[in-house]
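Take a look at the structure below.
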Amino acid sequence: MPELPEVQTIAMALAGLVVERTIDDVSVRWPGIVDRPDVTTFVAMMRGRRVTAVSRRGKYLQCALDNGRWLLLHLRMTGEMRVLPAAVAFDPHEHLIFHLENGLDWRFKDTRKFGRVYLIADPAEVVGQLGPEPLDPAFSPAYLARVLAGRQAPIKSLLLDQRLVAGLGNIYADEALFRARIHPLRAGGSLEPAELAALVEAIRDVITQAIAEMGTTLRDYHRPDGSVGRFQNRLQVFRRQGEPCPRCGAILQRLVVGGRSTHFCPQDQPLSGE
DNA sequence: AAGAGACCCTGGATGC
DNA sequence: TGCATCCAGGGTCTCT
């Protein structure tokens with residue numbers, strides 16, 4: 001499941017492969033992947049465009065085009081970016097292909113078809129509602145205190161709300177709460193100042209380390225050259241229910257919060273009593 | 001307004 | 001062995 005570190009890794013690799021490349025033609029093999037504009041307009045407007053830059057905002061890939069417009073892509077659950085010779089046979093889950101002028105194909109593969117692309121005049125049309133980046137100074141304990149004030153929802157659910165902070169998904173939310181020793185069911189508004197500070201630090205740490213390890217590959221996530229990430233070897237609680245806590249040895253538990261599988265240490269992350 | 005839940009999808013895992 | 005069912009979860013939408 002690509003989250004911020006995975007999308008960051010993909011953006012950096014993609015930049016080296018498609019910046020200054022021209023899109024000669026476009027193949028849409030499953031039209032539902034194009035969110036906007038309509039598919040016919042999308043293909044007509046993308047044909048002949050040159051990519052001038054690739055960046056990331058939250059979990060979105062942002063590609064600046066030579067006509068001033070923007071191509072945004074979201075990989076959702078199983079989306080992958082691949083760049084490979086056009087002669088390579090299509091995979092049935094490659095739904096969108098940009099045929100580059102240098103003989104390579106830039107392909108959007110997405111088994112579960114949740115991913116989307118947007119061709120827009122201003123990135124804010126899609127990413128305008130996102131909260132701050134976790135590594136931006138704006139994401140501070142004071143900011144968290146302000147946006148969490150009065151919130152009764154579990155902190156785990158709130159960390160997944162992209163309007164509060166951009167880029168966290170299920171894996172890094174669980175890992176950050178573990179590192180900060182905060183129970184995932186704690187009401188967001190109940191966190192003490194010291195806990196808010198610990199949470200901000202934990203989120204920054206886990207995101208920074210995961211970027212350095214080029215993301216977490218559990219199944220679908222691959223870099224554009226097909227290689228996998230390494231952070232799966234650093235996961236301390238995610239999908240480790242039944243195993244001993246790496247810090248205290250208690251048995252890690254799993255529960256469902258907001259419909260999402262959630263992993264934590266019942267001893268290090270107490271719900272009450274401290 | 002905030003929070004809960006349905007929905008979109010498919011393939012792998014599980015159960016009988 | 002084969003078939004049916006369950007589960008995974010990012011984001012959007014609806015309902016209360």
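Naming: A, B, ... by sequence-line order, numbering from 1 per chain.
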Completion exercise
For A:Glu243, the side-chain contact (heavy atoms from CB on, under 4.5 Å) test, sequence neighbours excluded, returns A:Arg240

Fill in the blank from the handout: Residues at least two apart in sequence or cross-chain that pass ring pair (Phe, Tyr, Trp, His ring centres under 6.0 Å) with A:Phe178, listed by chain then number, are none

Atom pairs under 3.5 Å, N or O on each side, protein against nucleotides 14-16 of chain C: can you list them with distances?
none

Practice task
Assess the pair A:Phe238 and A:Phe231: is the distance between their ring centroids shorter than 6.0 Å?
Solution key: no

Practice task
Measure the acute angle between the ring planes of A:His74 and A:Tyr60, then classify it against the limits of 30° and 60° as parallel, tilted or perpendicular.
Solution key: perpendicular

Practice task
Determine the interatomic distance between P on B:dG11 and the same-named atom on C:dT1; round to the nearest Å.
Solution key: 22 Å

Handout entry: Cation-pi check, A:Arg29 onto A:Phe90 ring (under 6.0 Å, within 45° of axis)
Key = yes

Completion exercise
In whole angstroms, the gap separating P of C:dT12 from CG of A:Leu160 amounts to 13 Å

Exercise for the section: Compare the ring of A:Phe114 with the six-membered ring in the base of C:dG10 and state whether they stack (centres under 5.5 Å, planes under 30°). Expected result: yes

Handout entry: For A:Trp70, all residues meeting ring pair (Phe, Tyr, Trp, His ring centres under 6.0 Å), sequence neighbours excluded
Key = none

Handout entry: Residue list, side-chain contact (heavy atoms from CB on, under 4.5 Å) with A:Ala44, at least two apart or on another chain
Key = none

Handout entry: Dot-bracket notation for DNA chain C, counting Watson-Crick and G-U pairs under 3.5 Å, with | for partners on another strand
Key = .|||||||.|||||||

Handout entry: A:His74 side chain near C:dG11 phosphate (N/O to OP1/OP2, under 4.0 Å)
Key = yes

Exercise for the section: Measure the distance from CG on A:Leu72 to C1' on C:dG10 and round it to the nearest whole Å. Expected result: 16 Å

Problem - Interatomic distance at P, B:dA1 relative to C:dG11, whole Å - result: 22 Å

Practice task
Return the set of residues passing side-chain contact (heavy atoms from CB on, under 4.5 Å) with A:Lys109 (not counting sequence neighbours), or none when no residue passes.
Solution key: A:Glu80, A:Arg82, A:Asp91, A:His93, A:Glu94, A:Thr111

Exercise for the section: Step through it carefully: locate the ring centre of A:His95, locate the ring centre of A:Phe108, and say whether they are under 6.0 Å apart. Expected result: no

Between the protein and nucleotides 6-8 of chain C, list the N/O to N/O atom pairs that are separated by less than 3.5 angstrom.
unit_1, atom_1, unit_2, atom_2, d
C:dA8, OP1, A:Arg254, NH2, 2.5
C:dA8, N1, A:Arg112, NH2, 3.3
C:dA8, N3, A:Arg112, NH1, 3.0

Completion exercise
A:Glu3 atom CD is separated from C:dG10 atom C1', nearest whole Å, by 9 Å

Practice task
Please name all residues satisfying side chain to side chain donor-acceptor pair (under 3.5 Å) with A:Thr41, sequence neighbours left out, ordered by chain then number.
Solution key: A:Asp38

Exercise for the section: Using a cut-off of strictly less than 4.0 Å between a heavy atom of the residue and any atom of DNA chain C, enumerate the qualifying residues of residues 140-151 of chain A by number. Expected result: none

Got a list of side-chain donor-acceptor pairs under 3.5 Å for residues 252-261 of chain A, not counting sequence neighbours?
unit_1, atom_1, unit_2, atom_2, d
A:Arg254, NE, A:Ser261, OG, 2.9
A:Ser261, OG, A:His263, NE2, 3.3

Practice task
Tell me, please, the opening and closing nucleotides of DNA chain B, 5' to 3', among those with an atom under 4.0 angstrom from a non-hydrogen atom of chain A.
Solution key: B:dA2 to B:dG12

